[in-house]
Amino acid sequence: MASSRTVPDRIGYFGPFGGQFVPETVMAALAQLDDAYRRARRDARFQAELRQLLQSYAGRPTPLYFATRLSQALGRGVRIYLKREDLLHTGAHKINNALGQALLAVRMKKRRLIAETGAGQHGVATATVAALFGLECEVFMGQEDMRRQALNVFRMRLLGARVVPVTSGTKTLKDACSEAIRNWVTTVRTTHYCIGSVVGPHPYPLLVRDFQSVIGREARRQLLAREGRLPDALVACVGGGSNAIGLFHPFRNDRRVQCIGVEAGGTSLAPGHHAATLLKGRPGVLHGAYSQLLQDREGQILSTASISAGLDYPGVGPEHAYYQLTRRARYAAVSDAQALRGVQLLTRTEGILPALEPAHAVAYLERLVPRLRRRAVVILGLSGRGDKDVQTIADRLNGTAAHRV
Amino acid sequence: MERLRTACNRLCSARRTALVPFIMGGDPSLEATKRLIVALEAAGADVIEIGVPFSDPLADGPIIQAASARALARGARPRRIFSAVASVRSRVTVPLVCLTYWNPVLQFGRPAPQAFFRAAHASGFDGVIVPDLPIEAAAAAKRSAAREDVATIFLAAPTSPPPRLRAVARASEGFIYYVSVIGTTGVRRALPAGLLHGVRQLKLLTTKPVYVGFGISTPGQAARVGRAADGVIIGSALIHVIAAARGRSAVQAAASFVARMRRAVGR
């Protein structure tokens, strides 16, 4: 069971998942990173420096907000709390991890950061910390994502980062990730690869999880102070799965707390039309880790589709695959259309515009609440704000009657 | 496995620089792959590497990425590449080595990874190279390949510290694949500085043959590498020749390119 031993083990396995499946050229760099992170984890100065930056620069702690009108709209006396990562500097939870990794990069004397990005939030976070620490920054982004997240492309450039369009494959997050790894293979002596999610080879799933666990630690403390009890359920969206792991992990030993990850259901659950990796995948190796994967019978990676660039990925973090295997968490899918309804629901009831990614989690509440006991308490991971998605949302809602609901 | 080991050792003691061309299975077609295998041996290849394409080849630069995509688009599934190889195996005597990524091996069939190695062996392959399977993760794969009489060849990189180099050398069978550059596969104008030094350092740690690949593009470069290494692997440059020639002349163009490389590294 998830609670009975610590994961990952020394070599990065969460049960059968995880590990290191990368070209030999970067193996030494992974060992160096593993070593640097092990020392940083125990180093009070590193932790204090990170805590200080999270508070004074990123805006932690974020509020745990009781969503009165959303709760009323969903009924049954269920009380919904929003963990407001959308209020962080740069507009999403990604900054928690980017700050941690930038501090590590500086410790390893690497003056250049590279990153992959889908929705652009991790790219913006990495470009931001690069500016903050005076580091060089290059962000790999699928050409298709650059089109649909044009605002974030401009933000990254404004921050001094170079945005490299990726034109191979599906031109989305998967290919951006491959290209970032290839670049890292080439520049590994001077460059730290700042991975944006709990994916990739060990130690990335471990260190990104640790840097994001601040979300769950705060939420747990805040809810105990406010309600005097633990939640019945945690709900968060899952692409690679960093905000969800960040929320779930500090509750992993609270066996009564249900953890539910919500994946991108796209337009349908037919192959190529969604990004619901945990629902529809099989174990395999992509981007350095053994985890669940959307692939064909012969192990070629399938293309994915989602209205949300940040969830549009055929893999998932190995710790999620492990939580699913051990039933510590369960996973569901929400379609593009439902996610748009989620955007409208939260905007109209609370005046909060969520990013399309957490809008999937919001939409899932309509399915979850009827199955919860009356007056249950739910924490929803509101991982980012929706400003970046206004154009996409407008395009999708115009021409339908939905926006007049 | 024995054929590969014997061939590599024999080349080494005869002081002949091994010439190892790489082609992508199914690019431009499976029919061409068959003819290429025969023609490359005749042109002077000592070992032939044949790729089984993967959708997301992390160690490869644009040329081999494009070749993988072309092969996949034309339906170059592992089983079809294996049958193509099997159909010409008796016409060539050189060892054949299969290069692919770990996921296609894992998904090939049950029990994994043994099913892949069994099929590879049955089609006439003598060894496999899996660039995203580092030695730490390879113990079980190595045992199951050995049961199927398939050699496992591992990569050593300029960034590998000496203890890793020693471990790679111990694990690698037939030859050790030394990666010439800190980077992905691809055509390069110049050899990286320090390459020959790196090769000599590795050779101090092992008695096994050291073959160098990644970026060796011209006969001149091959000749220089051949002075320090036991073999040279020609990948992207050859793939480029094949892609540029198109169609029927591709086999001819590839053979004459490999023949030039042969003359450059010596008979």
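Lettering follows sequence order; numbering is per chain, from 1.
Between chain A and the residues B:I135, B:L155, B:L133, the largest count of heavy-atom pairs under 4.5 Å involves B:L155. Each of B:F108, B:Y101, B:W102 has some count of heavy-atom pairs under 4.5 Å with chain A, and the biggest count is that of B:W102. Options B:L106, B:V105, B:V181, B:L72 differ in how many heavy-atom pairs under 4.5 Å they form with chain A, and the most are formed by B:L72.
Using a 4.5 Å cut-off between heavy atoms, A:R282 touches chain B through its side chain atoms alone. With a 4.5 Å cut-off on non-hydrogen atoms, B:A66 does not touch chain A at all. The contact between B:L58 and chain A is made by backbone and side chain atoms together, counting heavy-atom distances below 4.5 Å. At a 4.5 Å heavy-atom cutoff, the contact between B:P131 and chain A is made by backbone atoms alone. Of the two parts of B:F54, the backbone and the side chain both hold a non-hydrogen atom closer than 4.5 Å to a non-hydrogen atom of chain A. Residue contact with chain B, scored on non-hydrogen atoms closer than 4.5 Å, involves the side chain of A:I181 exclusively. Interface remark: B:A59 contributes backbone and side-chain atoms alike to the contact with chain A (heavy atom separation under 4.5 Å). Only the side chain of A:L293 has a heavy atom closer than 4.5 Å to any heavy atom of chain B. For A:P201, no part lies under 4.5 angstrom from a heavy atom of chain B.
With values rounded to the nearest 0.5 angstrom, A:Q300 atom CD is found 6.0 Å from B:R77 atom CZ. In this structure, the separation between CD on B:E136 and CG on A:L30 is 10.0 Å, given to the nearest 0.5 Å. The structure places OG1 of B:T159 at 6.5 Å from CZ of A:R189, a figure rounded to the nearest 0.5 Å.
Taking every heavy atom of both residues into account, B:D56 and A:S178 meet most closely at OD2-OG, 3.7 Å. For the pair B:S55 and A:I301, the tightest heavy-atom approach, listed with the atom from each and the gap, is OG-N, 2.9 Å. Residue A:G299 comes nearest to B:Q107 through the heavy atom pair CA-CG, 3.4 Å, listed as atom of the first residue, atom of the second, then distance.
With hydrogens and angles ignored, the 3.5 Å screen pairs no side-chain donor or acceptor of A:T25 with any backbone N or O of B:I182. Between the A:E24 side chain and the B:A157 main chain, no donor and acceptor come within less than 3.5 Å of each other. B:N103 contributes a side-chain N or O that, together with a main-chain N or O of A:V285, makes up a donor-acceptor pair within less than 3.5 Å. A donor-acceptor pair is defined here as one N or O able to donate and one able to accept, closer than 3.5 Å; such a pair exists between the side chain of A:R182 and the backbone of B:P57.
The local environment of NZ in A:K280 is sparse, with at most 12 non-hydrogen atoms from other residues, nucleotides or ligands closer than 6.0 Å.
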Verdict with supporting geometry, B:Q65 and A:S168, side chain to side chain contact (heavy atoms under 4.5 Å, CB included): CA-CA 9 Å; B:Q65 281 177 51; A:S168 54; 4.1 Å; yes

